[in-house]
Amino acid sequence: MTTAVSVEHLARACEPVGDLIAAIRPEQWKAPTPCAEWDVRGVVEHLVGMDLVFAAMIEGGPMPPRGADCLGDDPVRAYRASSAALGTAFAGSGVLQRSFPSRLGTATGAERLQIRLYDLLAHGWDLAQATGIPVRLPEDLAEQALAFAEVQLPSQNRTGRFAEPQPVEHTAPAVDRLAAFLGRPVPWQR
């Protein structure tokens, strides 16, 4: 992938997802999502948890406890705080060039940032589908995330992470094509 990724890209993706989360009504938190194993709260919990995991990985800090409720009684605040922590971690000097090991292998900070972006954009799409709340995810970032995922994921086992790619019109918006590549049916039906 030759397109450079930056911390500004992360901020441009985090903001609209945060605005969507802030618009979720109380009765929507238990709604089903395209991620069959999670309701709306579960998707937001995953987003916050992964922000915290990536920030800990980049900064060399302790990992958040598995299964802990990282949303508390204010999911919007938890999301915004985790997004800020993630942005701070990726903004560190030389982070994008360094390599970081994980149970899935070693990747550079730039590659980790790309992974975080495609996960964030796909789950922003999931939340929009589940709640009906419109979200404007940056089309250029979705296109870039899709190109990265298409190169990265065929070499990895999808089991437990993503379903097989689903059919989608080649003229569909990039975020729809990203969602389909990551195993979501487009359009999604409850």
Side-chain angles (χ1 to χ4, degrees), residues 10 13-57 63-86 102-104 112-138 141-142 145-146 148-149 152-153 156-168 172-190:
L10 182 63
C14 286
E15 185 177 339
V17 173
D19 292 345
L20 185 157
I21 292 168
I24 295 171
R25 295 183 313 274
E27 69 275 11
Q28 292 179 309
W29 287 100
K30 296 274 186 210
T33 71
C35 291
E37 69 273 17
W38 293 324
D39 60 12
V40 168
R41 184 177 174 89
V43 170
V44 176
E45 179 91 31
H46 170 75
L47 286 173
V48 171
M50 292 311 296
D51 283 352
L52 297 175
V53 164
F54 274 71
M57 178 192 317
M63 288 290 168
R66 287 189 86 115
D69 176 9
C70 56
L71 296 184
D73 60 358
D74 192 343
V76 176
R77 183 179 54 184
Y79 173 79
R80 296 207 192 274
S82 72
S83 294
L86 185 65
S102 79
R103 63 181 177 82
L104 296 175
R112 295 282 180 212
L113 181 53
Q114 287 280 25
I115 292 165
R116 192 69 205 108
L117 280 170
Y118 76 64
D119 186 67
L120 174 64
L121 292 168
H123 288 306
W125 183 90
D126 292 335
L127 291 171
Q129 298 298 304
T131 63
I133 298 169
V135 62
R136 293 195 103 157
L137 299 169
L141 297 183
L146 175 60
F148 179 82
Q152 188 224 20
L153 288 178
Q156 293 189 7
N157 182 352
R158 284 176 169 249
T159 304
R161 295 181 60 213
F162 305 103
E164 289 302 312
Q166 300 296 305
V168 66
V175 72
D176 286 355
R177 289 182 284 123
L178 174 65
F181 181 75
L182 296 177
R184 278 87 161 159
V186 177
W188 180 68
Q189 310 256 332
R190 284 183 194 243

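Please read these numbers as outputs of a predicted model, since none were measured by experiment.
Between the side chain of Arg177 and the backbone N or O of Ala172, at least one donor-acceptor pair lies under 3.5 Å.
Legend: salt bridge (charged side-chain N to carboxylate O under 4.0 Å, His left out) pairs involving residues 20-29, not counting sequence neighbours, sorted by first then second residue: Arg25-Glu27.
Taking the side chain as every heavy atom from C-beta outward, Leu127 and Leu47 approach each other to under 4.5 Å. No side-chain heavy atom of Leu117 sits under 4.5 Å from any side-chain heavy atom of Phe148. Two residues are said to be in side-chain contact when any heavy atoms from C-beta on lie closer than 4.5 Å; Leu182 and Tyr118 meet this criterion. Considering only heavy atoms from C-beta on, Leu137 stays 4.5 Å or farther from Leu120 through its side chain.
When the options Ile21, Val40, Thr33 are evaluated for a side-chain contact (heavy atoms from CB on, under 4.5 Å) with Thr131, the one that passes is Val40.
Summarising the local packing, CD of Gln166 is surrounded by more than 12 heavy atoms from other residues, nucleotides or ligands at distances under 6.0 Å.
In plain terms, the two heavy atoms of Gln129 and Pro34 that are nearest each other are CB-CG, 3.9 Å. Between Trp125 and Pro185, the shortest heavy-atom distance links the atoms CH2-O, 3.7 Å. Here the closest heavy-atom approach between residue Val135 and residue Ala128 is recorded as CG1-CB, 3.5 Å. Nearest heavy atoms, Gly124 versus Val17: CA-CG2, 4.0 Å. Considering every non-hydrogen atom in both Pro75 and Trp29, the closest pair reads CB-CH2, 3.5 Å. Looking at every heavy atom in both residues, Ala31 comes nearest to Ala130 through CB-O, 4.2 Å.
With values rounded to the nearest 0.5 angstrom, Phe181 atom CZ is found 9.0 Å from Glu164 atom CD. Atom CG in Leu10 sits 11.0 Å away from atom CD in Gln114 (nearest 0.5 Å). Put simply, CG on Asp39 and CD on Gln28 are 12.0 Å apart, with the number rounded to the nearest 0.5 Å. Distance check: Ser82 OG to Phe54 CZ gives 12.5 Å after rounding to the nearest 0.5 Å.
Checked against salt bridge (Lys or Arg N to Asp or Glu O under 4.0 Å), Asp126 has the following partners two or more places apart in sequence or in another chain: Arg184. Remark: Arg136 engages no residue in a side-chain contact (heavy atoms from CB on, under 4.5 Å) (not counting sequence neighbours). Val53 meets the side-chain contact (heavy atoms from CB on, under 4.5 Å) test with Met50, Met63, Pro64; sequence neighbours excluded. When the side-chain contact (heavy atoms from CB on, under 4.5 Å) test is applied to Asp74, the partners found at least two apart in sequence or on another chain are Val76, Arg77. Residues passing the salt bridge (Lys or Arg N to Asp or Glu O under 4.0 Å) test with Arg190: none are found, sequence neighbours excluded. The side-chain contact (heavy atoms from CB on, under 4.5 Å) check on Pro138 picks up Arg12, Pro16, Leu121, Asp140, Leu141, with sequence neighbours excluded. Residues passing the side-chain hydrogen bond (donor to acceptor under 3.5 Å, both in side chains) test with Arg116, sequence neighbours excluded: Asp51, Asp119. Partners of Trp188 according to the ring pair (Phe, Tyr, Trp, His ring centres under 6.0 Å) rule, which considers only residues two or more places apart in sequence or in another chain, do not exist here.
Note on ring orientation: taking the six-membered ring where Trp is involved, the planes of His123 and His46 are perpendicular (angle over 60°, cut-offs 30° and 60°).
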Checklist line | Residue pair Ile133, Ile24: steps toward the side chain to side chain contact (heavy atoms under 4.5 Å, CB included) verdict | finding: CA-CA 8 Å; Ile133 298 169; Ile24 295 171; 4.0 Å; yes

